[in-house]
Amino acid sequence: MDFHAASMIVLFSLIALTCAEPVKFADCGSDVGKVVIVDIQPCPKQPCELHKGQAYAVNVTFDSAVESQTSKAIVHGVIAGVPIPFPIPIEDGCKSGIECPIQKAQSYHYVTQLPVKSEYPSMLIKWELRDDTGKDLFCIKFPVQIVN
Ligand SMILES: *[C@@H]1O[C@H](CO)[C@@H](O)[C@H](O)[C@H]1NC(C)=O
């Protein structure tokens, strides 16, 4: 193996180690926005393995198609097809990395914490961020594995 090939391998291994791949999500009806990328840290493999008692950094990058003074996050854990409210510490999107009022045709990073309590089972997470009128700036669904 020549030096160039070897250094490329080192480079790609470094990239793989430092940036985990984006979370694979399903869009569940982002009416007035478009999701660009969903990132959860740490989540080295998918579905994300969430350890009980730990908190995870969630970062959803989306484009808004509307103006909105407010934004409110609504999270559900879907267990056996039944959506159950999943409490998060900060529901206000404007206090989660988004500078409000939200402008039309702007890109935003919604950044918050997801604490995992010990009583949670593995589930599908449905995460919405609603605008002033209750429409979804984004709605994403992704599975998580809860581990000890
Ligand atoms: C959120 O993700 C975007 C896109 O990957 C990145 O540019 C931004 O720095 C991230 N923000 C935080 C706080 O991690």
Side-chain angles (χ1 to χ4, degrees), residues 4 7-79 83-148:
H4 184 248
S7 53
M8 289 308 278
I9 288 171
V10 169
L11 182 66
F12 284 122
S13 326
L14 276 178
I15 290 172
L17 277 178
T18 49
C19 23
E21 53 177 309
V23 172
K24 294 188 186 82
F25 65 91
D27 194 289
C28 39
S30 306
D31 296 328
V32 291
K34 188 174 185 308
V35 180
V36 179
I37 194 162
V38 178
D39 185 49
I40 295 180
Q41 293 290 345
C43 170
K45 68 171 202 180
Q46 299 202 34
C48 290
E49 281 187 349
L50 307 183
H51 291 261
K52 292 178 178 179
Q54 244 176 270
Y56 290 80
V58 175
N59 178 350
V60 181
T61 301
F62 69 98
D63 299 330
S64 175
V66 291
E67 287 174 14
S68 186
Q69 300 293 322
T70 64
S71 60
K72 183 170 184 247
I74 316 246
V75 186
H76 284 89
V78 183
I79 299 161
I84 293 161
F86 189 118
I88 55 165
I90 301 170
E91 287 186 331
D92 190 349
C94 302
K95 289 179 181 146
S96 311
I98 297 173
E99 196 182 313
C100 291
I102 290 173
Q103 310 285 325
K104 198 173 170 168
Q106 272 257 22
S107 183
Y108 293 94
H109 304 301
Y110 165 77
V111 178
T112 195
Q113 291 279 320
L114 178 66
V116 178
K117 299 215 177 99
S118 54
E119 64 267 31
Y120 295 161
S122 291
M123 63 181 105
L124 189 66
I125 289 185
K126 181 181 179 196
W127 204 307
E128 292 165 79
L129 187 71
R130 295 192 183 155
D131 74 354
D132 294 337
T133 63
K135 291 206 177 105
D136 281 344
L137 286 159
F138 68 70
C139 178
I140 52 172
K141 271 187 186 171
F142 52 92
V144 294
Q145 198 86 40
I146 308 287
V147 295
N148 283 306

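We count ligands from 1, going down the list as the structure has it; atoms in each ligand are counted the same way. The basis for the numbers below is simple: all heavy atoms, side chains too, and nothing from hydrogens, waters or symmetry mates.
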Among non-hydrogen protein atoms, atom 3 (C) of ligand 1 lies closest to His109 CE1, 3.4 Å

Exceeds 12 heavy-atom contacts within 6.0 angstrom, atom NZ of Lys104: no

Roughly how far apart are Asp132 CG and Ser68 OG, rounded to 0.5 Å? 3.0 Å

For a quick test of reading the model, state the closest non-hydrogen atom pair linking Tyr110 to Ala73 and the distance between them. OH-CB, 3.3 Å

Return the residue, atom name and 0.1 Å-rounded distance of the protein heavy atom closest to atom 1 (C) of ligand 1. Asn59 ND2, 1.5 Å

Polar side-chain atom of Ser71 near backbone of Arg130 as donor-acceptor pair, under 3.5 Å: no

Taking the side chain as everything from C-beta on, heavy atoms only, tell me whether Phe86 gets closer than 4.5 Å to Lys126. no

Among all protein heavy atoms in this structure, tell me which lies nearest to atom 5 (O) of ligand 1, with the distance rounded to 0.1 Å. Ile37 CG2, 4.2 Å

Just to confirm, does any protein heavy atom lie below 4.0 Å from atom 11 (N) of ligand 1? yes

Asp39 near ligand 1, heavy-atom distance under 4.0 Å? no

Residue and atom name of the nearest protein heavy atom (relative to atom 4 (C) of ligand 1), distance in Å to one decimal: Thr61 OG1, 3.6 Å

